[in-house]
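Okay, structure first, notes after.
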Amino acid sequence: MPLKVYNTLTRRKEKFIPLDKNCVKIYVCGVTLYDHMHLGHARAVIIFDVINRYLEYKGYKVKYVTNFTDVDDKMINRAKVLGTSIFDLAKKFTKEYFQQIELLGVKKANYYPRATEHIKEIIKLIKQLENNGFAYDKDGDVFFKVRKFSSYGKLSHQNIKDLSVAVRVEENKKKEDPLDFALWKKKKKEEPSWDSPWGEGRPGWHIECSAMAMKYLGESIDIHGGGNDLIFPHHENEIAQSEGATHKEFAKYWLHNGLLIMGKQKMSKSIGNVFTLSNALKKYNGETIRYFLLSAHYRSPLSYEETSLKKAASSLKRVYNTLQKIERIEKKDKKSSPNKTKIEKEVSELSLYLKEVEEKFTLAMDDDFDTPVVLSIIFEGIKRANLLLNKTDYLDNLSYELLLKTKEKIKKMGKILGLFQEEKRENLQGKEEDLIKILLNIRNELRKEKNWALADKIREKLDNLGIELEDEETETIWKVKK
RNA sequence: GGCGGCAUAGCCAAGCGGUAAGGCAGAGGACUGCAAAUCCUUUAUUCCUCGGUUCGAAUCCGGGUGCCGCCUCCA
């Protein structure tokens with residue numbers, strides 16, 4: 001089965017055929033380094049992380065680039081407000097970005113270029129556009145001549161006529177046409193600026209992505225991604241600039257993720273309905289956040305509710321409970337099977353599941369990265385495993401093997417999603433573990449003596465510390481609450 | 001006004017022509033000293049609404065209604 005991806009350009013799912021079959025080139029628009037990230041940003045990061053991982057799973061070598069915008073109006077204004085420079089601002093939020101995506105288990109991109117470090121490339125690209133007649137200099141500002149680019153609007157599927165009617169921003173008088181957009185902005189007092197053939201100034205918003213994508217990936221790339229709020233004007237303009245300069249198709253597949261919804265509207269700084277990543281990470285671990293963000297298809301809007309992360313944590317726990325149960329059981333080895341018929345049904349169903357999982361997984365992911373379906377496949381395995389696991393007295397070597405294999409399969413699928421990889425969820429110091437064990441031993445002696453009151457007291461006190469106990473038939477399991 | 005998307009149980013959310021995945025929450029039961037975990041049963045005869053196409057539609061077409069996104073910075 002070939003991978004199919006939904007391409008905004010054509011508005012349909014298409015077979016994914018990379019330009020170079022040995023190497024897939026992806027460019028994803030990243031964040032502007034002017035403020036904390038929120039869950040919506042995290043969604044985009046995680047979605048493209050999964051796409052990246054899946055392409056590698058499919059055997060492609062992937063070159064993955066995602067940028068930082070470190071100079072624009074927001075950066076400048078924010079720096080002014082905070083009494084700092086855009087460079088210090090960028091430094092601060094870059095650091096936070098990397099700390100947070102590490103907690104989210106994001107696999108690093110190959111390059112993280114930023115606009116201010118690519119002024120040379122940007123200037124070169126603008127010059128190229130000038131030579132091709134797509135750009136004009138108006139007293140130090142350089143604009144892109146939108147009407148000159150005949151296929152303008154092909155990504156957002158708008159025609160120039162409708163767009164020109166819709167223009168309602170206070171127009172820059174220097175523009176020849178209200179639709180034109182800035183490639184280079186002339187310096188205003190006290191703004192950070194760079195030398196250029198048109199005088200001191202700074203790059204416009206869109207040009208950095210074209211310049212950097214081309215520098216690291218070449219003039220034509222396979223996948224260009226970002227949130228669907230970037231389709232217009234940002235990506236539309238990127239196409240115009242890039243193709244105006246090179247006369248080659250800039251990106252073959254345009255992938256756009258749906259936005260995170262909070263209280264009916266998209267989560268957005270300007271609306272003010274944000275839940276920052278750092279706040280989320282205070283209460284939940286990165287994996288929980290990741291699970292939540294992958295629980296809907298990447299193109300759909302995803303609603304964030306107060307309970308969303310709590311739900312995700314519960315779901316995650318269900319998977320780990322079973323995985324851990326399998327880990328515990330695999331250590332004991334039992335050759336004899338007291339009564340095979342007792343587990344016949346469970347064994348055959350698990351076997352069937354194992355036979356089919358990988359194909360089901362691939363089918364789901366090949367269908368435009370359908371992560372919710374993958375999760376349902378994983379839970380199916382969890383259920384089947386639990387069913388067999390319940391028959392502890394009848395388990396034999398064959399069932400152990402099946403369970404082990406189930407665990408491996410789930411982890412393998414989980415790896416693509418960046419989930420379920422924790423081997424040991426309880427990260428305590430050695431001494432702490434020993435102390436818990438001592439307490440558990442004492443408690444079990446109390447239980448033998450039917451001193452329930454004291455035994456329960458120990459359980460309760462430990463629970464208050466965040467350590468949960470589960471009395472199983474032969475032993476007591478403890479877990480650190482997440 | 002233009003372009004696009006969405007409406008599926010209490011909540012989140014798949015499915016996109018063959019008779020409603022999965023998770024969370026709730027209820028009942030089994031197991032347990034009690035819990036926890038797990039399992040079983042249960043919660044949508046029906047997928048916003050009205051028509052149409054079809055042997056057959058949540059899925060396709062047309063009309064409503066409601067919501068959302070983009071057209072301005074935005075993942």
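Order of the sequence lines fixes the chain letters, A, B, ..., with proteins taken first and strands second; residue numbering starts at 1 for each chain. Predicted, not measured: the structure shown is a model, and the values here were computed from it.
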Open item on the list: Side chain of A/Lys264 only, heavy atoms from C-beta on: which candidate in B/C68, B/U38, B/A75 is closest?
Closed with: B/C68

Open item on the list: Suppose we define a pair by two distances each less than 3.5 Å, Watson-Crick or G-U wobble; what does B/C11 pair with here?
Closed with: B/G23

- [ ] Measure from the side-chain heavy atoms of A/Asp370 and tell me the nearest of B/A14, B/C11, B/G23.
- [x] B/A14

TODO: Mark this stacking check for A/Trp452 against B/G33 as yes or no, applying ring centres under 5.5 Å and ring planes under 30°.
DONE: yes

TODO: Using a heavy-atom cut-off of under 4.0 Å over every strand shown, decide if A/Pro372 touches base, sugar-phosphate, or nothing.
DONE: base

Open item on the list: Within the 4.0 Å heavy-atom criterion, would you say A/Leu259 contacts the bases, only the backbone, or no part of the nucleic acid?
Closed with: base

- [ ] Please state the P separation for the pair B/G56 and B/U19 - nearest whole angstrom.
- [x] 16 Å

- [ ] Identify whether NZ of Lys or CZ of Arg in A/Arg299 sits under 6.0 Å from the centre of the six-membered ring of A/Tyr6 and within 45° of that ring's axis.
- [x] yes

- [ ] Sort out the partner of B/U54 for me: Watson-Crick or G-U wobble, both distances under 3.5 Å, none otherwise.
- [x] none

TODO: Begin from the C-alpha positions of A/Ser399 and A/Asp396 and carry the test side-chain hydrogen bond (donor to acceptor under 3.5 Å, both in side chains) through to its verdict.
DONE: CA-CA 5 Å; A/Ser399 27; A/Asp396 57 1; 2.5 Å; yes

Task: Side chain of A/His297 (C-beta onward), nearest among B/A14, B/C34, B/C40 - done: B/A14

- [ ] Among B/A13, B/A21, B/C11, find the nucleotide with the atom closest to the side chain of A/Ser376.
- [x] B/A21

- [ ] Measure from the side chain of A/Val373, starting at C-beta and using heavy atoms only, and say which of B/A14, B/C68, B/G33 lies closest.
- [x] B/A14

Task: Sugar-phosphate only, base, or nothing, as touched by A/Gly153 at under 4.0 Å among non-hydrogen atoms - done: nothing

Open item on the list: Categorize A/Gln265 for me: base, sugar-phosphate, or nothing, with a 4.0 angstrom heavy-atom threshold over every strand shown.
Closed with: sugar-phosphate

Open item on the list: Under a 3.5 Å cut-off for both contacts, is B/G1 paired Watson-Crick or G-U wobble with anything, and if yes, with which nucleotide?
Closed with: B/C71

TODO: May I ask you to decide if the ring planes of A/His206 and A/His234 are parallel, tilted or perpendicular, using 30° and 60° as cut-offs?
DONE: tilted

- [ ] Answer with base, sugar-phosphate or nothing: what part of the nucleic acid does A/His41 contact at a heavy-atom distance below 4.0 Å?
- [x] base

- [ ] Please report the C-alpha distance between A/Asp368 and A/Tyr298 in whole Å, then the side-chain angles of each, then the deciding distance to 0.1 Å, and finally whether the side-chain hydrogen bond (donor to acceptor under 3.5 Å, both in side chains) criterion is met.
- [x] CA-CA 9 Å; A/Asp368 199 26; A/Tyr298 81 90; 2.7 Å; yes

- [ ] Please step through side-chain hydrogen bond (donor to acceptor under 3.5 Å, both in side chains) for the pair A/Thr8 and A/His256, ending with a clear verdict.
- [x] CA-CA 7 Å; A/Thr8 306; A/His256 292 99; 2.7 Å; yes

TODO: May I ask which nucleotide in the shown strands pairs with B/U38, Watson-Crick or G-U wobble, both distances under 3.5 Å?
DONE: B/A30

Open item on the list: Could you identify the nucleotide paired to B/C16, looking across every strand shown and requiring Watson-Crick or G-U wobble geometry with both distances under 3.5 Å?
Closed with: none

Open item on the list: Using the side-chain heavy atoms of A/Ser314, tell me which of these nucleotides is nearest: B/C70, B/C24, B/C40.
Closed with: B/C24

TODO: Quote, to the nearest angstrom, the P distance that separates B/A25 from B/C12.
DONE: 15 Å

TODO: State the pairing partner of B/A44; accept Watson-Crick or G-U wobble contacts with both distances under 3.5 Å, and report none otherwise.
DONE: none

Open item on the list: So, does A/Lys266 get its side chain near the phosphate of B/C70, meaning an N or O under 4.0 Å from OP1 or OP2?
Closed with: yes

Open item on the list: Between B/C24 and B/G18, how many Å separate the two C1' atoms, rounded to a whole number?
Closed with: 30 Å

TODO: Quick one: label A/Met267 by what it contacts on the DNA or RNA (base, sugar-phosphate, nothing), any heavy atom closer than 4.0 Å.
DONE: base

Open item on the list: Suppose you measure atom C1' in B/A58 against the same atom in B/C47; what distance do you get, rounded to whole Å?
Closed with: 4 Å

Open item on the list: I'd like the P distance from B/U59 over to B/A7, given in whole Å.
Closed with: 11 Å

Task: Side-chain (A/Asp222) to main-chain (A/Ile26) donor-acceptor, under 3.5 angstrom - done: no

Open item on the list: B/G22, OP1 or OP2 - any side-chain N/O from A/Ser315 closer than 4.0 Å?
Closed with: no

- [ ] Check whether any side-chain nitrogen or oxygen of A/Asn386 sits under 4.0 Å from OP1 or OP2 of B/C39, and answer yes or no.
- [x] yes

Task: Stacked cation flag A/Lys108 on A/Phe98, 6.0 angstrom / 45 deg - done: yes

TODO: Give A/Ser300 one of three labels, base, sugar-phosphate or nothing, depending on what nucleic acid heavy atoms sit under 4.0 Å from its own.
DONE: sugar-phosphate

- [ ] Return yes if the base of B/G33 and the side-chain atoms of A/Asp456 contain a donor-acceptor N/O pair under 3.5 Å, otherwise no.
- [x] yes

Task: Which nucleotide in B/G69, B/U38, B/G33 has an atom nearest any side-chain atom of A/Asn390 - done: B/U38

Task: Sugar-phosphate, base or nothing in reach of A/Asn257, heavy atoms under 4.0 Å - done: base

TODO: Would you mind classifying the nucleic acid contact of A/Ile377 as base, sugar-phosphate or nothing, using non-hydrogen atoms under 4.0 angstrom?
DONE: nothing

- [ ] Tell me what A/Leu302 touches on the nucleic acid: a base, only sugar-phosphate, or nothing, going by heavy atoms under 4.0 Å.
- [x] sugar-phosphate

- [ ] Ignoring hydrogens and angles, answer whether the base of B/C24 and the side-chain atoms of A/Arg318 contain a donor-acceptor pair closer than 3.5 Å.
- [x] no

Open item on the list: The side chain of A/Glu470 is closest to which nucleotide in this list: B/A36, B/U38, B/C34?
Closed with: B/A36

Task: B/A9 to B/C40 separation - P atoms, rounded to the nearest Å - done: 24 Å

TODO: Pick the P atom in B/U8 and in B/A14, then give their distance to the nearest Å.
DONE: 11 Å

Task: Any donor-acceptor pair under 3.5 Å from A/Arg53 side chain to A/Lys415 backbone - done: yes

- [ ] Could you tell me whether the phosphate oxygens of B/C40, OP1 or OP2, come under 4.0 Å of any side-chain nitrogen or oxygen in A/Lys383?
- [x] yes

Open item on the list: Check this one for me: any side-chain N or O of A/Ser156 less than 4.0 Å away from OP1 or OP2 of B/G4?
Closed with: no

TODO: Rounded to whole angstrom, note down the P distance from B/A57 over to B/A20.
DONE: 12 Å

Open item on the list: Quick check with a 6.0 Å cut-off and a 45 degree axis cone: is A/Lys74 positioned over the face of A/Tyr34's six-membered ring?
Closed with: yes

TODO: Just call it for A/Glu468: base, sugar-phosphate, or nothing, with non-hydrogen atoms closer than 4.0 Å on any strand.
DONE: nothing

Task: Base partner of B/C6, which must satisfy Watson-Crick or wobble distances under 3.5 Å - done: B/G66

Open item on the list: From C-beta outward on A/Arg459, which listed nucleotide comes closest to its side chain: B/A75, B/A35, B/A14?
Closed with: B/A35

- [ ] Give the nucleotide from the list B/A14, B/C40, B/C34 with an atom nearest to the side chain of A/Leu387.
- [x] B/C40

TODO: Under 4.0 Å between any heavy atoms, over every strand shown, what does A/Ser295 touch: base, sugar-phosphate, or nothing? Just pick one.
DONE: sugar-phosphate

